[in-house]
Amino acid sequence: MEKVLFRSFGIWTVLGLLGGLGYRELTRAQDFTGQTQLAVVHTHALVLGSVFLLIVLVLERVFTLSADRGMRWFAWVWNGGLALTITGLTVKGTLQVLGSTAADSPAIAGVSGTGHMLLAAGFALLVHGLGRRLSADANDARVSVPVAG
């Protein structure tokens, strides 16, 4: 799981930086000064992809989260949810900058909404897995100690 988390961290870092660059260059090329969903692609990818997964990587090292069966799903659900969210934001934001009425498409909102639901499910998997690992560690700490007597 450590390799998956580390690779995901790296990929989201690159995508987050590219998202910021893309936002800046597209809005400048189009002389766009309004509000756009494209503005939040950078922060979503860096915070939910880079920072969050780096924190989970540390939690994996400390608590061996991958020892819990449910945690195997976390990385896939989280990355899938984030990919859908970032895709929806990017498409909608690009269409907003270009002045297309398609930016208000319910389908685009549906993609982002599905991504957010998967992120919520991934977060629930993480919390559940962390809780189970904390319980397992607490039980391991209570291993019977021989009493002198």
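Note that the coordinates shown come from a computational prediction; the quantities given were computed from them, not determined experimentally. Hydrogens, waters and symmetry mates play no part in the numbers below; they use all other heavy atoms, side chains included.
Proximity of Leu53 to Leu57: side-chain heavy atoms (C-beta onward) are nowhere separated by under 4.5 Å. Side-chain atoms of Leu119 and Leu48, non-hydrogen and from C-beta on, do get closer than 4.5 Å to each other. Side chains of Arg24 and Leu21 form a contact here, defined as non-hydrogen atoms less than 4.5 Å apart. Side-chain contact between Gln96 and Leu38 is absent, with no heavy-atom pair separated by less than 4.5 Å. Within the 4.5 Å cutoff, no side-chain heavy atoms of Trp78 are placed close to those of Leu126.
The distance from the OG1 atom of Thr64 to the CE atom of Met1 is 10.5 Å, given to the nearest 0.5 Å. Considering CG of Leu26 and OG1 of Thr36, their distance stands at 8.0 Å, rounded to 0.5 Å. In this structure, the separation between OG on Ser8 and CH2 on Trp76 is 7.5 Å, given to the nearest 0.5 Å. Rounding to the nearest 0.5 angstrom, the gap separating the OG1 atom in Thr27 from the CD atom in Glu25 is 8.0 Å. In this structure, CG in Leu82 is found 11.5 Å from CD1 in Ile11, a value given to the nearest 0.5 Å.
Criterion: ILVMFWY side-chain heavy atoms under 4.5 Å apart, direct or through other members. Under it, Val41 and Leu18 are not part of a common hydrophobic cluster. Placement of Val4 and Val51 in two distinct hydrophobic clusters is found when ILVMFWY residues are connected by side-chain heavy-atom separations under 4.5 Å, directly or transitively. Under a hydrophobic-cluster definition in which Ile, Leu, Val, Met, Phe, Trp and Tyr are linked whenever side-chain heavy atoms come within less than 4.5 Å, directly or via other members, Val47 and Leu54 are assigned to different clusters. The hydrophobic cluster containing Trp73 also contains Leu65, counting ILVMFWY residues as joined when their side-chain heavy atoms lie under 4.5 angstrom apart, directly or transitively. Met117 and Phe74 end up in different hydrophobic clusters when Ile, Leu, Val, Met, Phe, Trp and Tyr side chains are linked at under 4.5 Å.
Among residue pairs with one or both ends in residues 102-129, none qualify as side-chain hydrogen bond (donor to acceptor under 3.5 Å, both in side chains); sequence neighbours excluded. For the salt bridge (Lys or Arg N to Asp or Glu O under 4.0 Å) condition, the pairs that include at least one residue of residues 51-74, sequence neighbours left out, are Glu2-Arg61, Asp68-Arg132. Pairs passing the ring-ring contact (aromatic ring centres under 6.0 Å, His included) check and including a residue from residues 4-28, sequence neighbours excluded, read Phe6-Phe9.
The shortest non-hydrogen separation linking Leu118 to Gly81 is CB-CA, 3.5 Å. Nearest heavy atom pair, residue Gly115 against residue Leu84, reads CA-CB, 3.7 Å. Among all heavy-atom pairs drawn from Leu125 and Met71, the shortest one is O-SD, 3.6 Å.
Using a distance-only test at 3.5 Å, with no hydrogens or angles considered, no donor-acceptor pair links the side chain of His42 to the main chain of Gly19. Side-chain N or O atoms of Thr13 include none that pairs as donor or acceptor with a backbone N or O of Ser50 at under 3.5 Å. With hydrogens and angles disregarded, no donor-acceptor distance shorter than 3.5 Å links the side chain of Gln37 to the backbone of Thr90. Without hydrogens or angle criteria, Ser100 side chain to Leu95 main chain gives no donor-acceptor distance under 3.5 Å. Between the side chain of Arg133 and the main chain of Phe63, a donor-acceptor pair closer than 3.5 Å is present.
When the shell of 6.0 Å around CZ of Arg7 is examined, it contains 12 or fewer heavy atoms from other residues, nucleotides or ligands. Counting non-hydrogen atoms of other residues, nucleotides and ligands closer than 6.0 Å to CD of Gln35 gives a total of 12 or fewer. Summarising the local packing, CZ of Phe123 is surrounded by 12 or fewer heavy atoms from other residues, nucleotides or ligands at distances under 6.0 Å.
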